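Keep in mind that this is a model prediction, so the values were computed, not measured.
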Amino acid sequence: MTDPATYSYPRYLEAKKTVDARALNRRVWSRFVDELEASSAPPVRVLEVGGGVGATVERVVEALEPRTTDALHYTLVDIEPDNVEAARGGLRAWAERRGYNVSGGTPQVWTGGPVEVTVRFVSADLFDVAGAYEGPPHDAVIAQAVLDLLSIPDALGALAPLLAPEGLWYLPIHFDGVTALEPQVDSDLDARVERLFHESMADPSLDGERAGAHCGRRLLRHLHDSDATLLEAGSSDWVVVPQDGSYPGDEAYFLHHILHFIETELTGHPELDAEAFAEWVATRRRQVETGGLIYIAHQLDALARHR
């Protein structure tokens, strides 16, 4: 069983790569890649906020390699320095395995492959980055599983000036109000834990502007109401199911970390009996260890064009 002292957010981000890869909406993703390739003047410029350990960089490069795009300038922003350092090292190793020659630290320059790639790494708050930016506009802004932590209109408003006219918003994996864990432990307690966990995602200091557990649908509404044209939207549910008593890749660790989030948020909550909740968490952890837990989270992806 995972020792709570060993929980690592960069490892969690690595572990969820396979979960995200299954979840991402194929229609939304394909439309994004098609539109990105059609960007008029090379290089293609992409800004990603909340870039984590670089999974989307890999996905974008892999998608553009067989296409006509010959140069990609990618800026990865994350507020956590540990994530940025993991991205820097992980992307270097990934690119070299694909046959690129990698030079530099930040930016990294990848040559010798189908696409010439420059990756700039920034450890900072997205609002600070947006406020200080003076470079050329971007063809796309990517934010994956980020806007449920923020005021959506504030974040979109801060980032919009960094987008070129007709630039793209690609906003995948935004939670939308369903967490399911099977099999049941206790139906009443299960429902209470889910409700309280979702309520914990709200931030009273934002006066209701933080979308929290219903970010996906609120994001679609804000895009519809903003200076953007919604091009595609679709579900991107996390579905983690054991296979022959175990989980693919490092997905058991991913599940332990999800339980860690729930435990951290709800321990000591006045609506939960402390002993019953502790036993609930222990039971869920045993289910992971024995390959018996099924986990589902409902999320939405969105693609929009800046006007």
Side-chain angles (χ1 to χ4, degrees), residues 2-25 29 32 46-63 74-98 105-106 108 117 119-126 129 140-150 155 170-176 179 197 201 215-216 236-240 247-265 285 288 293 295-301:
T2 301
D3 181 346
T6 70
Y7 285 117
S8 158
Y9 200 73
R11 182 180 170 188
Y12 162 75
L13 295 177
E14 286 286 345
K16 82 181 186 78
K17 282 183 177 181
T18 53
V19 182
D20 285 343
R22 289 195 302 272
L24 287 167
N25 188 282
W29 168 251
F32 168 64
V46 175
L47 169 68
E48 182 182 5
V49 295
V53 295
T56 306
V57 182
E58 297 174 6
R59 196 171 289 118
V60 169
V61 171
E62 194 169 30
Y74 202 109
T75 300
L76 182 151
V77 177
D78 198 282
I79 197 169
E80 295 295 338
D82 287 350
N83 293 345
V84 173
E85 285 308 304
R88 193 194 315 274
L91 286 171
R92 173 182 289 273
W94 181 85
E96 289 174 344
R97 288 196 300 271
R98 295 182 74 81
T106 185
Q108 276 184 6
V117 182
V119 187
R120 178 170 171 253
F121 300 92
V122 180
S123 177
D125 179 86
L126 74 85
V129 171
V141 167
I142 299 175
Q144 176 172 312
V146 171
L147 298 178
D148 42 1
L149 305 174
L150 304 168
Y170 178 55
L171 308 170
I173 312 287
H174 283 94
F175 185 65
D176 197 54
T179 301
F197 182 52
M201 299 176 189
C215 178
S236 53
D237 298 345
W238 280 343
V239 181
V240 181
Y247 298 92
D250 202 18
E251 292 181 22
Y253 181 85
F254 167 81
L255 292 174
H256 278 302
H257 213 112
I258 294 294
L259 294 174
H260 176 62
F261 290 148
I262 296 172
E263 182 180 31
T264 300
E265 288 293 336
R285 286 178 174 153
V288 175
L293 183 68
Y295 169 66
I296 300 167
H298 175 52
Q299 293 153 154
L300 294 173
D301 292 359

J.: Under a 3.5 Å distance rule, please check whether Asp176 uses its side chain to pair with a backbone N or O of Gln299 as donor and acceptor.
T.: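 Absent.
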J.: Going by salt bridge (Lys or Arg N to Asp or Glu O under 4.0 Å), name the residues that satisfy it together with Glu62, two or more places apart in sequence or in a different chain.
T.: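 With neighbours one apart ignored, the set is Arg98.
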J.: The criterion is ring-ring contact (aromatic ring centres under 6.0 Å, His included); which residues satisfy it with Tyr9, sequence neighbours excluded?
T.: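 Listed in chain order: Tyr12.
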J.: If I compare all heavy atoms of Gly54 with all of Leu91, which pair ends up nearest, and what's the gap?
T.: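 Heavy atoms only, the tightest pair is O-CD2, 3.6 Å.
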J.: Does His174 use its side chain to pair, donor to acceptor, with the backbone of Leu147 at less than 3.5 Å?
T.: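 Checked: pair present.
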J.: Working to the nearest 0.5 angstrom, can you tell me the gap between His260 NE2 and Arg285 CZ?
T.: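 His260 atom NE2 to Arg285 atom CZ measures 8.5 Å (nearest 0.5 Å).
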J.: With sequence neighbours excluded, tell me which residues meet side-chain hydrogen bond (donor to acceptor under 3.5 Å, both in side chains) with Thr75.
T.: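 None.
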J.: Quick one: salt bridge (Lys or Arg N to Asp or Glu O under 4.0 Å) partners of Glu265, sequence neighbours excluded?
T.: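 Glu265 satisfies salt bridge (Lys or Arg N to Asp or Glu O under 4.0 Å) with no other residue.
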J.: Take Leu150 and Leu126 through the side-chain contact (heavy atoms from CB on, under 4.5 Å) test and state the conclusion after the steps.
T.: CA-CA 11 Å; Leu150 304 168; Leu126 74 85; 3.5 Å; yes
J.: Taking all non-hydrogen atoms of both residues into account, name the closest pair between Gly50 and Val146 and its distance.
T.: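 Of all heavy-atom pairs spanning Gly50 and Val146, the closest is CA-CG2, 3.7 Å.
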J.: So, does Asp78 use its side chain to make a donor-acceptor pair with the main chain of Glu80 at under 3.5 Å?
T.: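 It does hold such a pair.
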J.: With sequence neighbours left out, what residues match Arg92 under salt bridge (Lys or Arg N to Asp or Glu O under 4.0 Å)?
T.: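 Scan of Arg92 (salt bridge (Lys or Arg N to Asp or Glu O under 4.0 Å), adjacent residues dropped) gives Glu96.
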J.: Quick one: list whatever passes side-chain hydrogen bond (donor to acceptor under 3.5 Å, both in side chains) with Glu85, sequence neighbours left out.
T.: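 side-chain hydrogen bond (donor to acceptor under 3.5 Å, both in side chains) check on Glu85 returns Arg88.
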J.: Which atoms form the tightest heavy-atom contact between Gly52 and Ala87, and what is the distance?
T.: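 Answer, listing the atom of Gly52 first, then Ala87: O-CB, 3.6 Å.
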J.: Quick check against the 3.5 Å criterion: does His257 have a side-chain atom that pairs as donor or acceptor with the backbone of Leu255?
T.: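 No.
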J.: Could you list the residues that satisfy ring-ring contact (aromatic ring centres under 6.0 Å, His included) with Phe32, not counting sequence neighbours?
T.: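 Scan of Phe32 (ring-ring contact (aromatic ring centres under 6.0 Å, His included), adjacent residues dropped) gives Trp29, Tyr170.
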J.: Could I get the full list of side-chain hydrogen bond (donor to acceptor under 3.5 Å, both in side chains) partners for Glu48, not counting sequence neighbours?
T.: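 Testing Glu48 for side-chain hydrogen bond (donor to acceptor under 3.5 Å, both in side chains), a comparison that skips the adjacent residues, returns Thr56, Tyr74.
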J.: Mind checking side chain to side chain contact (heavy atoms under 4.5 Å, CB included) for Ala145 and listing every partner two or more places apart, or none if nothing turns up?
T.: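 Scan of Ala145 (side chain to side chain contact (heavy atoms under 4.5 Å, CB included), adjacent residues dropped) gives Ile173.
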J.: Please tell me whether Asp301 and Asn25 have a donor and an acceptor in their side chains that are separated by less than 3.5 angstrom.
T.: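 The answer is no; no qualifying pair exists.
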J.: Could I get the full list of side chain to side chain contact (heavy atoms under 4.5 Å, CB included) partners for Val61, not counting sequence neighbours?
T.: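 Partners of Val61 by the side chain to side chain contact (heavy atoms under 4.5 Å, CB included) criterion, ordered by chain and then number, come out as Val57, Glu65, Leu72, Trp94, Tyr100, Trp110, Val117.
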J.: For Glu251, enumerate each residue passing the side-chain hydrogen bond (donor to acceptor under 3.5 Å, both in side chains) test, keeping only those at least two apart in sequence or located in another chain.
T.: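 Glu251 satisfies side-chain hydrogen bond (donor to acceptor under 3.5 Å, both in side chains) with Thr18, Arg22 once adjacent residues are dropped.
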J.: What heavy-atom pair brings Ala15 and Tyr253 nearest, and what distance separates the two atoms?
T.: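 Looking at all heavy atoms of both residues, the shortest contact is CB-CD2, 4.2 Å.
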J.: Kindly write out the residues that satisfy ring-ring contact (aromatic ring centres under 6.0 Å, His included) with Trp238, not counting sequence neighbours, or none if the list is empty.
T.: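 Scan of Trp238 (ring-ring contact (aromatic ring centres under 6.0 Å, His included), adjacent residues dropped) gives Phe254.
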J.: To the nearest 0.5 Å, how far apart are CZ in Arg59 and CG in Asp20?
T.: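 Interatomic distance, Arg59 CZ to Asp20 CG, rounded to 0.5 Å: 6.0 Å.
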J.: OH/Tyr295 to CD1/Ile258 distance, rounded to the nearest 0.5 angstrom?
T.: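 So the OH of Tyr295 and the CD1 of Ile258 are separated by 4.0 Å.
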J.: Atom CE in Met201, atom CG in Leu149: separation rounded to 0.5 Å?
T.: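 With rounding to 0.5 Å, CE (Met201) is 9.5 Å from CG (Leu149).
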J.: What distance separates Leu293 CG from Leu259 CG, expressed to the nearest 0.5 Å?
T.: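 With rounding to 0.5 Å, CG (Leu293) is 6.5 Å from CG (Leu259).
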J.: State, to 0.1 Å, how close Val53 and Pro10 come at their nearest heavy-atom pair, and which atoms those are.
T.: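 Here Val53 and Pro10 meet closest at CG1-O, 4.0 Å.
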J.: Testing the basics here: between Thr106 and Phe121, what is the closest heavy-atom pair and its distance to 0.1 Å?
T.: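 Nearest heavy atoms, Thr106 then Phe121: OG1-N, 3.0 Å.
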